[in-house]
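Take a look at the structure below.
This one's a predicted model, so the numbers in the text were calculated from it and none came from an experiment.
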Amino acid sequence: RIFADVQVGRKNIIFGIALFLIAGVMVGIPLTIDFFGGSVLASDQYQTWKVVHGYGVFLAFINYFLGLTIDRLDMPKQHKEIVSWSFLMAGLIGGVGRMILVLMSSLNALGLYASLGETVCFILGTVVFVSGQMRARPSDLLERPAQARDPRAG
């Protein structure tokens with residue numbers, strides 16, 4: 001049922017769920033143990049992983065909910081694909097890439113490039129999304145279900 005009438009956004013839904021399981025659950029477990037008084041992480045590691053965890057969950061939610069709604073919008077398919085891939089790449093760079101940089105202890109050296117790449121992807125996706133919405137008539141922003149378009153449906 002999650003994928004009902006979803007074509008373009010399918011990849012964002014799958015990626016959002018996967019990123020949530022990785023960033024939300026797997027990264028969240030050491031944070032929870034540390035929160036309850038365990039000593040899994042040092043204090044500076046705890047702060048870094050807490051930010052990576054929160055940001056990864058945020059990117060997972062963005063991709064999941066974008067995937068659920070993008071196919072319902074009245075935009076050209078090419079614009080939907082650009083928006084979908086832009087946000088997926090932002091999640092990949094910001095969520096997965098940032099975790100890899102932390103694991104490799106390279107966040108300080110390469111984190112700026114990850115943030116820059118992620119920001120460019122977000123801006124591209126947002127500009128295409130908003131411009132597509134501005135071109136649509138307010139009454140046509142969401143496609144109507146087949147029953148509502150049928151004049152016999154009343």
Side-chain angles (χ1 to χ4, degrees), residues 1-136 138 141-143:
R1 290 184 64 98
I2 292 175
F3 297 119
D5 299 326
V6 174
Q7 296 169 7
V8 175
R10 182 180 299 261
K11 62 187 158 294
N12 296 87
I13 293 170
I14 293 168
F15 178 75
I17 292 169
L19 186 59
F20 179 78
L21 291 174
I22 293 168
V25 177
M26 290 177 59
V27 174
I29 290 171
L31 293 174
T32 305
I33 292 170
D34 196 66
F35 178 72
F36 287 122
S39 58
V40 175
L41 300 169
S43 69
D44 59 335
Q45 289 175 323
Y46 177 78
Q47 294 301 322
T48 302
W49 277 107
K50 190 165 68 170
V51 171
V52 170
H53 164 73
Y55 204 63
V57 170
F58 169 71
L59 293 168
F61 284 158
I62 285 176
N63 271 281
Y64 178 78
F65 288 110
L66 176 81
L68 288 178
T69 59
I70 192 74
D71 286 300
R72 297 178 186 159
L73 299 174
D74 186 24
M75 291 172 54
K77 184 171 167 96
Q78 182 182 15
H79 290 183
K80 290 179 185 181
E81 287 288 350
I82 292 170
V83 171
S84 175
W85 279 108
S86 294
F87 279 90
L88 188 129
M89 290 305 298
L92 191 62
I93 294 168
V96 177
R98 197 167 270 126
M99 278 189 280
I100 291 170
L101 289 176
V102 169
L103 287 172
M104 295 174 49
S105 299
S106 300
L107 185 62
N108 292 338
L110 300 173
L112 176 67
Y113 299 110
S115 294
L116 180 62
E118 176 189 5
T119 301
V120 167
C121 290
F122 267 124
I123 290 171
L124 174 65
T126 302
V127 166
V128 173
F129 181 82
V130 170
S131 69
Q133 294 303 294
M134 289 176 68
R135 289 184 189 145
L141 288 179
L142 292 176
E143 293 178 5

Could you walk me through whether Asp74 and Gln133 pass the side-chain contact (heavy atoms from CB on, under 4.5 Å) test, one step at a time?
-> CA-CA 8 Å; Asp74 186 24; Gln133 294 303 294; over 6 Å; no
Dump the intermediate steps for ring pair (Phe, Tyr, Trp, His ring centres under 6.0 Å) on Tyr64 and Phe20, then the final yes or no.
-> CA-CA 9 Å; Tyr64 178 78; Phe20 179 78; 9.4 Å; no
Kindly determine whether Gln47 and Val51 satisfy side-chain contact (heavy atoms from CB on, under 4.5 Å), including the steps that lead there.
-> CA-CA 6 Å; Gln47 294 301 322; Val51 171; 6.0 Å; no
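Residues satisfying the side chain to side chain contact (heavy atoms under 4.5 Å, CB included) test with His53, not counting sequence neighbours, are Val27, Leu31, Val57. Evaluation of the side chain to side chain contact (heavy atoms under 4.5 Å, CB included) rule for Val130 yields Thr126, Met134 as partners, not counting sequence neighbours. Every residue two or more places apart in sequence or in another chain was checked for a ring pair (Phe, Tyr, Trp, His ring centres under 6.0 Å) with Phe129, and none qualifies.
Here CD1 of Ile93 is found 9.0 Å from CG of Leu116. Values are rounded to the nearest 0.5 Å. Atoms OH and CE, from Tyr55 and Met99 in turn, are 12.5 Å apart once rounded to the nearest 0.5 Å. Taking CG from Leu19 and CD1 from Ile14, the interatomic distance works out to 13.5 Å, rounded to the nearest 0.5 Å. Residue Leu68 holds its CG atom at 9.0 Å from CG of Leu66, rounded to the nearest 0.5 Å.
Judged as a salt bridge (Lys or Arg N to Asp or Glu O under 4.0 Å), the pairs with a partner in residues 88-102 (not counting sequence neighbours) are, in order, Arg98-Glu118. Residue pairs meeting the ring pair (Phe, Tyr, Trp, His ring centres under 6.0 Å) criterion with at least one partner in residues 85-116, sequence neighbours excluded, are Phe87-Phe122. Legend: side chain to side chain donor-acceptor pair (under 3.5 Å) pairs involving residues 12-31, not counting sequence neighbours, sorted by first then second residue: Asn12-Asn63, Asn12-Ser84.
Contact record, Leu88 with Lys11: CD1-O, 3.6 Å, taken as the closest heavy-atom pair. Gly16 and Ala60 make their closest contact through O-CB, 3.3 Å (heavy atoms, listed as atom of the first residue, atom of the second, distance). Across Leu101 and Ala114, no two heavy atoms sit closer than the pair CD1-CB, 3.9 Å. Closest heavy-atom contact between Gly94 and Leu59: C-CD1, 3.5 Å.
Partner of Ser86 under the side-chain contact (heavy atoms from CB on, under 4.5 Å) criterion, chosen from Val120, Leu124, Val128: Leu124. A side-chain contact (heavy atoms from CB on, under 4.5 Å) with Met75 holds for exactly one of Ile82, Val8, Val83; it is Val83.
When the shell of 6.0 Å around CZ of Phe58 is examined, it contains 12 or fewer heavy atoms from other residues, nucleotides or ligands.
Using modelled atom types, one side-chain atom of Ser106 and one backbone atom of Met104 make a donor-acceptor pair closer than 3.5 Å. Checking side-chain atoms of Lys80 against main-chain N and O of Gly9 turns up no donor-acceptor pair under 3.5 Å.
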